[in-house]
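First the proteins, then the strands, lettered A, B, ... as listed; each starts at 1.
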Protein chains: 2
Amino acid sequence: MADIARMAGVSLSTVSRSLSGSSLIPETTRQRITELARSLNYQVNIGAANLRKRDIQTVGVVILGDSMQTISDPFILNILGAVADALDERGMSLLLTRLNPQRQEQMAAMFDSGQVAGLIVIGQLTWHDYLNELARRGVPMAVWGACLSDAYYPVVGGDNATGGYLATRHLLQQGARRIAFFGDISHPEAALRHQGYARALAEAGLTPDPRLHQSFLFGDRRIRQVIDMWLDQGLDFDAIFASADIAAISLIGALNERGLEVPHRVRVVGYDDIALSAYLHPSLTSIRQPTAVAGRALVELLFEAIAGLPRRSVMLPAELVVRDSSA
Amino acid sequence: MADIARMAGVSLSTVSRSLSGSSLIPETTRQRITELARSLNYQVNIGAANLRKRDIQTVGVVILGDSMQTISDPFILNILGAVADALDERGMSLLLTRLNPQRQEQMAAMFDSGQVAGLIVIGQLTWHDYLNELARRGVPMAVWGACLSDAYYPVVGGDNATGGYLATRHLLQQGARRIAFFGDISHPEAALRHQGYARALAEAGLTPDPRLHQSFLFGDRRIRQVIDMWLDQGLDFDAIFASADIAAISLIGALNERGLEVPHRVRVVGYDDIALSAYLHPSLTSIRQPTAVAGRALVELLFEAIAGLPRRSVMLPAELVVRDSSA
DNA sequence: CTGAAAGCGCTAACAC
DNA sequence: GTGTTAGCGCTTTCAG
């Protein structure tokens, strides 16, 4: 910037003002400086500017992980994409971090070290208490997850109870009676989906069979093992509601392998409606969650938190998308 | 930091030195300061430190997009994950940006504005010339893509020619004779895969039929239209080699819809070996690319570029993974 | 309208 | 070992 000032024959202040679009600077000077900057590939040093302005143009996005493995749920990554777009629209940068439970503290560090103005957390999992703690400490954030009543942080999430209800009622309407549930109910989102599942069953005069409830959601190998186990035990089931499409996909693979045709022998409904679901064979019935809206809402809520506005949460509708796997 | 200095009864320098682990500071003082920092949730302001140290702890990761749509190829996101891990190991932060061709300049801006020490670009597509231009300008970077001979930037990529060859030879060995190719050969990666495809055909005494070459890779709707078109024209084909698993998956869906069973009527091989491919029905034969190694290599090459070391490129092996779709 | 000067939070000479 | 000081690149009063 000093170079430009010298070359343009003006002071630092003038260049600074000019480049930041101050209306005090006459068009001609402004043009000259802009031109000079372009030809030098000069861009204002954002870090230094922020230091002086005491504001940060970056938001931390944290993807929470369950296992040590790379997260690859397309749904999560869809939300990430939506958040990236929404942040982009506001001219904010996105600092990405993936965290597993062993490194909780790193989450706060991003904020405490002045790297980011706030945090968007994707995947609430079992971090509820820690997130509450951070929020109490005044770390601005917005979380994708279940809208827990005792959450001290703003949440954007789907209507998981309704989603679970819709999925299960649909299966019942298709004639299913012995519906298994796949999902880790230690995660609030899955727990709510399970509530909806139970409610739909109750309405049909049925009660959930605990033997048909499986907590292992991630890890396709384990999903296959469960199917094997059920079949070997002669357990009776004619439908499965899986709390994530990626689990449903593994399930369908395992069922096919054991000769149980989907949907004729076993109907399957997933959750999230990831892009691939429509192109599977059979295509997968699922509960759609509006990820684009979610991304926008997360960013909006985070900005409200940063601005010190009262915390609020957003619950997005869940929509049943019927395809072949439940026909 | 000033607070801590005052509370600890020492000078700013002592706190700074202590927190950055200088061996000059005695254990006892160091302990006291560390303790104080922890209790105040204090973390050194990275931006200010970097400004002073004139070094940046952040790397920009750019995901290049073809269309205006959110990118959601799991393979790309796998590499992103691997890069994130590798960066993490080195204590670097990851600034994520998604760019489409309309906003090329933003890529340089990340570096010029001092936000990042260098760029990792995922998805070379048709950006080759622009990437070369940046590299010439001295922007440190590393690119996932095809190892082009006239690339002025370091590249990490799979052995696309061999991958294409392996896929096609495998199909030929399975008895296929009329093998279609799906992939946009304006992208260097796909072009190399097509070369391998042509070579395998040549070895079998066959020549590629241009009518069986389809450039549309993204957009499942278009893929279906192509299948419809081929069938309506009575075009003869008994196998398809698709330059991406996500395309192969759409293809299989479209084929099934038209009653062409995979693999009995049409064999299919994809590329990338995304996680889902193993769990499809039929499971998808594909060419595996080692994403974890790729992530590590990209980071390594970027650091070499930043350090001013001579540019080099890394070509990773392509491995055929045989599954049901080509049986 | 424009320039001089102070200072954002931190580190690194350079003294003591 | 420790403190003092200058200054990283920028913005913003405050004078002119």
Side-chain angles (χ1 to χ4, degrees), chain A residues 1-34 36-38 40-58 91 93 95 108-117 306, chain B residues 1-34 36-38 40-58 91 93 95 108-117 306:
Chain A
M1 185 149 149
D3 295 344
I4 297 191
R6 203 177 324 109
M7 293 170 77
V10 293
S11 76
L12 268 169
S13 329
T14 304
V15 178
S16 172
R17 278 192 269 254
S18 179
L19 257 24
S20 60
S22 158
S23 53
L24 293 174
I25 310 294
E27 250 324 295
T28 56
T29 325
R30 162 107 89 314
Q31 294 257 306
R32 191 155 39 100
I33 292 174
T34 309
L36 221 40
R38 192 197 311 285
L40 296 176
N41 288 319
Y42 173 82
Q43 296 272 134
V44 173
N45 184 310
I46 297 187
N50 285 343
L51 178 58
R52 175 59 228 244
K53 287 194 292 197
R54 320 173 109 268
D55 110 303
I56 312 174
Q57 295 284 17
T58 304
S93 299
L95 203 65
M110 283 175 77
F111 174 76
D112 292 332
S113 67
Q115 276 189 108
V116 301
I306 292 173
Chain B
M1 184 148 149
D3 295 344
I4 297 190
R6 202 177 324 108
M7 293 170 77
V10 292
S11 75
L12 267 168
S13 332
T14 305
V15 178
S16 173
R17 279 193 269 256
S18 179
L19 256 25
S20 60
S22 157
S23 53
L24 292 174
I25 310 293
E27 253 322 298
T28 56
T29 325
R30 172 128 43 344
Q31 293 258 306
R32 192 154 39 100
I33 291 174
T34 310
L36 221 39
R38 190 196 314 284
L40 295 176
N41 287 319
Y42 173 83
Q43 297 271 135
V44 173
N45 183 311
I46 297 186
N50 286 343
L51 179 58
R52 175 62 231 242
K53 286 193 294 196
R54 320 173 109 268
D55 112 300
I56 312 173
Q57 296 285 14
T58 304
S93 298
L95 203 64
M110 283 176 76
F111 174 76
D112 292 331
S113 66
Q115 275 188 107
V116 301
I306 293 174

If every non-hydrogen atom of [X] is compared with every non-hydrogen atom of [Y], which pair is closest and at what distance?
X	Y	answer
A:R30	A:S22	NH2-O, 3.5 Å
A:S93	B:L95	CB-CD1, 3.7 Å
B:F111	B:V116	CD1-O, 3.5 Å
B:G114	B:I56	O-CD1, 3.4 Å

d(B:I25 CD1, B:Q31 CD) to nearest 0.5 Å is 13.0 Å
Residue pairs meeting side chain to side chain donor-acceptor pair (under 3.5 Å), one or both in residues 4-17 of chain A, sequence neighbours left out, come to A:D3-A:R6, A:S11-A:T14
Chain A vs DNA chain C, heavy-atom contacts under 4.0 Å, first-to-last nucleotide span, 5' to 3', is C:dC1 to C:dG9
Per-nucleotide protein contact along nucleotides 8-16 of chain D, 5' to 3', at a 4.0 Å heavy-atom cut-off (B base, S sugar-phosphate only, - neither), is BBBBBB---
Item to check | 4.5 Å side-chain heavy-atom contact, B:M1 and B:L12 | outcome: yes
